[in-house]
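Encoded as structure tokens, the structure appears first; notes follow it.
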Amino acid sequence: MNTSTSGVSSEASITPVVVRLKLSLLRNGLRQSAGRRAAYITSVVVVLLFAALQLLGLIALRGNAHAASVTVLLIAVMALGWAVMPLFFPSGDETLDPTRLVMLPLRPHPLVRALLLSSLVGIGPLFTLCLLVGSVISVAHGTAAYVTGVVAVPLALLVCVALARAVAAANIRLLSSRKGRDLAVLSGLVIAIGAQLVNFGAQRLGSAGGVSRLDPAADVLRWVPPGSAIGAVDSMSRGSYAMGVAQLVLSVAALVGLLALWSRHLTRLMTSPDGSTLQAGESAARERIPTGGLRRMLPPGRTGTVMERSLRYVWRDPKTKAAWVTSLAIGLIVPVFNALQGTGSIYFACFAAGMLGIQMYNQFGQDTSAFWMVAMTIASPHDAYVELRGRALALLVITLPYATLVTVLTTAMLDDWSKLPEVLGLSFALLGAMLATGAWSSARFPYSIPQEGYKNVAPGQAGLAWIAIFGGMVSAALLTAPVIAVTIWLNVTADGNRWSWLLLPLGAGYGALITAFGLRMAAPRTARRLPEILAAVSKG
């Protein structure tokens with residue numbers, strides 16, 4: 001057989017093979033369980049519905065003086081999402097990892113072409129396509145603009161996909177390592193901050209100036225691919241043909257540059273050794289946490305041991321760290337952003353205690369299958385009580401100073417210092433109620449947290465998670481009702497402000513009592529249900 005002919009034919013056939021591989025991965029993933037199929041179909045329906053609404057909204061912008069500014073900014077934000085997606089969700093698409101193909105006799109250039117086309121299969125590209133089509137329709141006027149739009153839509157889509165692939169290939173060694181997966185912890189923080197920034201920006205746009213405030217930013221981004229592709233359509237509509245051609249050429253150049261960068265990283269990945277695990281022993285020694293000082297500050301006996309273990313989980317376990325980072329970020333962002341907008345209330349500071357109190361729920365599920373080592377040490381309700389108490393105290397080490405800091409910061413921003421004692425009292429009472437209900441819920445409704453991927457609940461246990469978290473939060477609100485009632489009574493009483501300072505010791509004392517009561521109630525149930533808890537948290 002002619003070797004050169006064989007090589008050419010194999011390169012020519014690699015694209016359909018990789019596309020079929022992508023479809024097979026998707027099909028086999030859906031065959032794993034009915035729950036996974038239902039979740040995928042539901043997500044497809046929701047995304048398509050949202051895409052259709054976005055498409056109709058963009059079409060409705062047609063003829064608006066600021067349609068080009070809105071569409072250019074929308075495509076720029078969408079491209080940013082494509083760029084950061086591989087960093088925050090590296091396991092969301094198994095074909096994002098080219099190291100799985102390094103042992104195959106494949107050349108980088110045909111592989112780039114095949115992976116680029118296979119990347120167009122999925123919900124994300126379909127959603128992006130709908131936005132691009134709607135953007136072109138909203139700004140296109142005239143034959144030249146529509147012809148440009150026919151080129152601009154696939155060009156912008158390929159730029160987005162190539163951008164995601166280039167970022168993934170550049171960082172795949174880090175993202176595929178266990179330590180590198182900690183980058184996903186930032187996703188909760190970025191999403192939380194991004195949502196509040198979008199909300200803040202939308203309110204500012206509606207308050208003064210309207211959409212015209214977007215024009216300066218859009219004037220810059222219309223020259224940044226893939227926004228330049230939509231900018232080219234708008235330029236053609238206004239008769240600026242030279243500018244439109246330049247913007248289109250800029251998008252083409254960006255696509256060529258991204259493909260070249262992607263090919264370069266693929267070549268390096270397929271020809272160089274993986275150094276991510278070299279000198280693992282030395283790396284582990286460098287990353288070891290110096291906990292000697294921390295251990296000396298903790299109580300002696302089992303309580304201190306449990307606290308140290310829980311704090312280690314917060315620092316080392318990616319899933320636990322992600323939950324804590326998200327809660328810390330949202331607990332600060334909600335009151336601070338509302339205060340910045342001038343529409344906030346000092347009582348929003350209680351959000352910090354509420355968000356961190358959620359971490360008490362499903363305590364044993366955080367241990368996953370390693371819970372059997374803890375279960376071996378629990379022989380009586382007293383052992384279970386000490387275990388739960390240590391976990392609650394570890395949570396308080398972070399939560400108490402953090403809730404106090406957020407409350408003081410919100411008070412300073414609103415300049416309402418007279419309310420500080422009662423808001424702190426409410427925060428402490430709410431935190432105590434959530435610790436109490438969280439301990440009981442951990443014993444009554446435990447569920448497993450998968451270690452791989454980004455699911456926080458094992459298949460078939462979503463109902464338990466909803467009951468545990470939302471049922472516990474409702475119960476915590478009811479338990480906090482006495483302190484809330486006293487707060488309302490003091491605020492409506494004529495001379496209530498003179499005694500509002502009493503709410504601080506009242507809330508702190510009530511929170512401590514309700515926490516102790518909840519731990520006492522949860523301990524016997526935990527001791528009795530150890531086999532059921534172990535079976536539940538070891539799933540998945």
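The basis for the numbers below is simple: all heavy atoms, side chains too, and nothing from hydrogens, waters or symmetry mates.
When the ring-ring contact (aromatic ring centres under 6.0 Å, His included) test is applied to F517, no partner is found at least two apart in sequence or on another chain. Among residues two or more places apart in sequence or in another chain, the side-chain hydrogen bond (donor to acceptor under 3.5 Å, both in side chains) test is passed with Q359 by S327. Partners of I123 by side-chain contact (heavy atoms from CB on, under 4.5 Å), not counting sequence neighbours, listed by chain and number: Y40, S43, V44, V47. Residues forming a ring-ring contact (aromatic ring centres under 6.0 Å, His included) with F371 (at least two apart in sequence, or on another chain): F364. Residues passing the ring-ring contact (aromatic ring centres under 6.0 Å, His included) test with F127 are F50, sequence neighbours excluded. Remark: Y347 pairs with E422 by the side-chain hydrogen bond (donor to acceptor under 3.5 Å, both in side chains) rule, at least two apart or across chains. For T303, the side-chain contact (heavy atoms from CB on, under 4.5 Å) partners are P299, M307, V386, R389, L393, not counting sequence neighbours. Evaluation of the side-chain contact (heavy atoms from CB on, under 4.5 Å) rule for L400 yields L396, F428, L431 as partners, not counting sequence neighbours.
Formation of a donor-acceptor pair under 3.5 Å by the S442 side chain with backbone atoms of Q363 is found in this model. With S441 contributing its side chain and G438 its backbone, the two residues share no donor-acceptor pair below 3.5 Å.
Sorted by first and then second residue, the salt bridge (Lys or Arg N to Asp or Glu O under 4.0 Å) pairs with a member in residues 323-333 form an empty list; sequence neighbours excluded. Note on residues 406-419: pairs passing side chain to side chain donor-acceptor pair (under 3.5 Å), not counting sequence neighbours, are D416-S418, K419-N491. Listed by first and then second residue, the side chain to side chain donor-acceptor pair (under 3.5 Å) pairs involving residues 430-440 are Y361-T437 (not counting sequence neighbours).
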Could you pull out all donor-acceptor pairs under 3.5 Å where a side-chain atom in residues 520-533 meets a protein atom, sequence neighbours excluded?
unit_1 : atom_1 : unit_2 : atom_2 : d
T526   : OG1    : A522   : O      : 2.8
R529   : NH1    : A443   : O      : 2.4

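In this structure, I346 CD1 and L414 CG are separated by 6.5 Å, a value rounded to the nearest 0.5 Å.
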